[in-house]
Amino acid sequence: MGSMDIGVIGLAVMGQNLALNIESRGYTVAVYNRTEARTRAFIESQSKSKAIEAAYDIESFVALLSRPRKVLLMVKSGAATDALIEALLPLLEPGDILMDGGNAHYSDTDRRYAAAERLGLHYLGIGISGGETGALLGPAIMVGGSLSGYEQVAPLLESLAAVGPHGSCCALLGPRSAGHYVKMIHNGIEYALMQALCEAYDLMHRGLEMSADEMADVFGRWNDAELESYLVAITEKILRQQDPEGTGPLVEMILDTAAQKGTGKWSSQSALDLGTPSASIAAAVFARITSSLKAERSAAEMLLAGPHPRLSMRRDEALDALFSTLLLAFLTVYGQGFRQLQDASQDRAYALDLSEVARVWMAGCIIRARLLVPMGKAFARQPDLAYLLLAEPFQSLWNKHQASFRSMVACAHEAGIPVPAMSSALNFVDTYRTARLPANLLQAQRDYFGAHTYQRIDRDGIEHTNWEQVR
Ligand code: 2AM
């Protein structure tokens with residue numbers, strides 16, 4: 001029988017860095033990768049004193065593990081994960097713990113969880129965020145699965161996670177695919193925060209004609225205030241980076257088309273399925289899709305008129321308004337993500353504790369931000385909070401900054417600078433805070449052409465009007 005504490009399958013950068021992280025916490029690690037050369041390169045790059053042992057076929061890998069065996073899959077999501085699980089299942093025994101640390105779709109995790117549990121295995125779907133550095137030094141770890149499975153790996157997982165202001169950023173968040181669902185929403189939020197930051201950069205760059213260094217100074221100042229977060233911090237650093245080829249700021253030399261796949265898209269698909277209004281997250285996905293139409297955009301710039309992209313505000317005024325805008329856009333986006341988790345938790349019986357989700361996101365992950373501390377408190381006080389902005393201190397922040405948010409979005413529209421994340425955030429909150437929407441006319445239209453019926457505001461019951469006959 002083997003003696004290694006845990007086995008990691010898949011030695012791309014995330015798998016390698018996680019294996020090293022686990023080893024650095026005092027555990028012994030077995031590693032295996034489909035392509036042998038990658039395993040050899042990894043082992044050769046490490047000092048011999050490391051408690052990491054490699055296997056070159058899956059049977060030998062499993063034989064290295066102590067019982068109950070703990071296997072962490074760090075391979076490409078989708079068919080690769082299924083193929084590996086199929087190869088592993090006959091080699092594992094009841095009581096062993098199989099963990100998927102990739103970005104699996106939650107429905108795949110539900111299916112794999114059910115199949116593994118039928119065989120008496122514990123299956124944990126684990127969302128890991130923090131990029132390559134996070135994997136090595138301490139990521140945020142969002143776990144879904146059974147309590148008995150989690151309890152056996154909790155000391156290990158909690159030791160390798162980042163430590164935030166409220167402890168280790170690793171927790172069992174719910175049953176089955178809850179961990180992967182939360183990670184998916186984490187990534188949806190990440191998409192929208194990044195898009196809002198890109199819009200702020202565009203407004204400064206084109207709208208105020210600021211240099212990269214000046215913009216970096218502004219992001220740096222924001223990072224010392226309420227907006228303190230990983231994404232604001234890296235934006236400052238990116239803007240300071242010079243092109244080694246001597247052309248100036250490197251960011252200006254990067255092609256302006258972005259990919260969107262996997263979790264960001266899935267989170268919007270799930271929002272539509274649930275009927276939850278994650279509009280700004282969807283706007284960010286669509287913004288990436290539109291960015292990929294580079295040739296069309298270049299042609300359209302010659303054909304479709306617009307104003308000179310210059311903001312009609314003094315620079316100092318504009319920067320104050322931009323701070324308000326980014327702050328409220330961020331809050332709106334986190335609020336939408338938490339709301340989607342609230343709705344998914346109901347629909348999928350995850351029983352999520354959103355203060356615990358906020359706690360796990362406080363360090364290690366890409367959307368870590370100082371604002372998550374008061375968010376966690378808000379959900380601890382009011383676990384069924386429908387929307388973040390309804391709670392303090394967020395309600396007061398909205399009330400304080402909303403006028404500037406409006407001025408900036410209006411100014412951006414006047415200047416023809418696209419702000420899909422910011423403007424969808426403003427639209428969302430304005431819709432949410434409007435007691436009477438024009439959906440009355442919508443109901444009339446539906447009744448007109450499809451006899452869908454409607455309800456009156458002054459009495460109960462279902463109504464239908466023969467609209468063609470009304471004068
Ligand atoms: P590879 O080095 O053999 O390509 C990220 O791509 C990780 O997933 C890599 O470690 C890769 O292994 C692994 N991977 C991709 N497809 C796989 C498959 N079908 N079976 C096993 N591992 C796979």
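Order of listing sets the numbers, starting from 1, for every ligand and every atom in it.
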Are Phe428 and Tyr387 close enough that their ring centers fall under 6.0 Å?
yes
Is atom CD of Gln346 surrounded by more than 12 heavy atoms (other residues, nucleotides or ligands) closer than 6.0 Å?
no
Would you tabulate the polar-atom pairs, meaning N/O of ligand 1 against N/O of the protein, with distances under 3.5 Å, reported to 0.1 Å?
residue  : atom   : partner : partner atom : Å
ligand 1 : 2 (O)  : Asn33   : ND2          : 2.7
ligand 1 : 2 (O)  : Arg38   : NE           : 2.7
ligand 1 : 2 (O)  : Arg38   : NH2          : 3.3
ligand 1 : 3 (O)  : Arg34   : NE           : 3.0
ligand 1 : 3 (O)  : Thr35   : N            : 3.0
ligand 1 : 3 (O)  : Thr35   : OG1          : 2.4
ligand 1 : 4 (O)  : Arg34   : NH2          : 3.0
ligand 1 : 8 (O)  : Lys76   : N            : 3.2
ligand 1 : 10 (O) : Leu11   : N            : 3.2
ligand 1 : 10 (O) : Asn33   : OD1          : 2.6
ligand 1 : 12 (O) : Asn33   : OD1          : 3.4
ligand 1 : 19 (N) : Arg34   : NH1          : 3.3

Would a line drawn from the ring center of Trp361 to the ring center of Phe338 be shorter than 6.0 Å?
yes
Glu23: partners by salt bridge (charged side-chain N to carboxylate O under 4.0 Å, His left out), with sequence neighbours left out
none
Indicate every side-chain donor-acceptor pair of residues 135-153 with a distance under 3.5 Å to a residue at least two apart or in another chain.
residue : atom : partner : partner atom : Å
Ser146  : OG   : Gly149  : N            : 3.1
Tyr150  : OH   : Glu158  : OE2          : 2.7
Gln152  : NE2  : Ser148  : O            : 3.3

Which pairs with one or both residues in residues 118-145 pass side chain to side chain donor-acceptor pair (under 3.5 Å), sequence neighbours excluded?
Ser129-His186
